[in-house]
Amino acid sequence: MTGMDWDKLRVFHAVAEAGSFTHAGEALNLSQSAVSRQISALEESLSVPLFHRHARGLILTEQGELLYRTAREVFSKLAMTEAMLTESKDRPKGPLKVTTTVSFGSAWLTPRIREFTDLYPEIQVSLVVDDTELDLSMREADVAIRMSPPRQPDLVQRHLTTVRYNVYASSEYLKRFGTPQKPEDLDKHRIVVYGQDAHPPVRTINFLWEAGARAGYERRPIFMVNNVYGILRAVESGLGIAALPDFMAQEAVDLVRVLPELAGPEVEAYFVYPEELRSSKRIAVFRDFLLRKVAEDRNS
C-alpha cells in the first residue's frame with residue numbers, strides 16, 4: 001500500500017479538484033514539478049493512468065474517476081470528523097457552512113448573523129446563496145434552508161417557517177401609473193418577473209404574469225431578472241409591480257402592497273442537514289437560533 005499513502009492521495013485529490021498541476025500546487029503550497037512527481041509516482045505504483053494530459057489541462061481517466069470519488073468521500077468524512085472532535089464539550093465552535101436561496105440568504109438571514117456570532121463567537125459561519133440546491137450528502141454544505149421538503153432519505157428536516165409571496169409596488173410607481181384595483185388591471189401595468197432561463201427558488205414565482213390575464217392577450221413583462229433581490233431593487237426604483245416574499249418587502253423602503261386579494265404562493269421553508277451531523281452542537285444551536293428569530297418575526 002506504499003503507493004497510495006496519504007500525501008500522494010492528498011495531492012491527487014487536490015489535482016482532481018483543481019484540474020491542473022499549477023493550481024493544485026498553489027493550493028498545497030508545492031511547486032508544479034513536485035505535484036507532477038507525486039502523481040507520476042502514484043500512477044506508477046498503481047500501474048494505471050489517472051489523468052489524460054491535455055494542452056488545456058487535465059482530465060480524469062476512468063480509473064482516476066473511481067479513485068477521485070473515493071478520495072472525495074474520505075476527505076469530506078475526515079473534515080467532518082475533525083470538526084466534531086474539535087467541538088469542545090461546552091462551547092460549540094468550528095466552521096458551519098450554510099446554504100439557502102439568494103433572496104432568503106441575503107435579505108433575511110444575513111442581517112441576523114451578527115446576533116448569532118455575538119452569541120457563538122467561536123462558530124465561523126459561511127453562507128452560500130444559490131437558487132439551485134447544493135448536495136448536502138457530498139458535503140457541499142453542512143446545513144441548508146430549503147424552500148421545499150428534501151427528497152433524500154438521509155437528510156434530517158425541521159419545518160422552519162411559511163414564506164408568503166404578495167404583490168408590491170413603490171409609492172412613486174403608483175403615483176405615476178395608478179393603483180391596480182383588480183387582477184385584470186395588470187394588463188395595463190408594468191410587471192417585473194423572475195427570468196425564465198434560470199431555476200427559480202419557487203416554482204410558482206411568476207403567478208403575477210398570468211393573474212387575471214385576458215384570453216388571447218399576452219402580457220409582456222417590463223423587466224426579467226433571475227434573482228429575487230434584483231426584483232426587489234427594480235420595484236424599489238419604481239420600475240414596476242412584482243411578487244415578492246413578505247420577509248423581503250418588510251425590510252424594504254417605501255413599498256406598498258397592492259391587490260391584497262391576490263395572494264401568491266405560500267412556500268414552506270425547512271432546516272435540513274445530513275443524518276450523520278445529528279449530534280453536532282453547532283447545527284443544534286444554529287437551528288434553535290433560527291427558530292427563535294422566525295417566532296420573533298411572527299409575533300412582531
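What you see is a predicted model, and the numbers here were worked out from it, not measured in a lab.
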(message) F116: which residues meet the ring-ring contact (aromatic ring centres under 6.0 Å, His included) condition with it, sequence neighbours left out?
(response) Y120, F286, F289

(request) Kindly write out the residues that satisfy ring-ring contact (aromatic ring centres under 6.0 Å, His included) with F207, not counting sequence neighbours, or none if the list is empty. (result) none

List the residues meeting side chain to side chain donor-acceptor pair (under 3.5 Å) with [X], not counting sequence neighbours, and say none if there are none.
| X | value |
| --- | --- |
| R72 | none |
| S33 | S31 |
| R257 | N166 |
| R233 | E236 |

Show me the donor-acceptor pairs within less than 3.5 Å that the side chains of residues 148-155 make with the rest of the protein, sequence neighbours left out.
none

(message) Please report the interatomic distance OG(S106) to CG(L127), rounded to the nearest 0.5 Å.
(response) 8.0 Å

(request) Taking salt bridge (charged side-chain N to carboxylate O under 4.0 Å, His left out) as the test, write out the residues that go with E266, two or more places apart. (result) R164

(request) Could you pull out all residues at least two apart from R139 that satisfy salt bridge (charged side-chain N to carboxylate O under 4.0 Å, His left out)? (result) D142

Going by ring pair (Phe, Tyr, Trp, His ring centres under 6.0 Å), name the pairs with one or both residues in [range], residues two or more places apart or in two chains.
| range | answer |
| --- | --- |
| residues 121-175 | H159-Y270, Y173-F177, Y173-H189 |
| residues 35-64 | F12-F51 |
| residues 121-151 | none |

(message) Any non-hydrogen side-chain atom of L277 less than 4.5 Å from a side-chain atom of V143?
(response) no

(message) Taking the side chain as everything from C-beta on, heavy atoms only, tell me whether V15 gets closer than 4.5 Å to S20.
(response) no

(request) Determine the minimum heavy-atom distance between V235 and S170, stating which atoms define it. (result) O-CB, 3.4 Å

(message) Over 60° means perpendicular and under 30° means parallel, so tell me whether F75 and W6 are parallel, tilted or perpendicular.
(response) perpendicular

(message) Please identify which of these residues, F271, F247, W108, meets the side chain to side chain contact (heavy atoms under 4.5 Å, CB included) condition with V294.
(response) W108

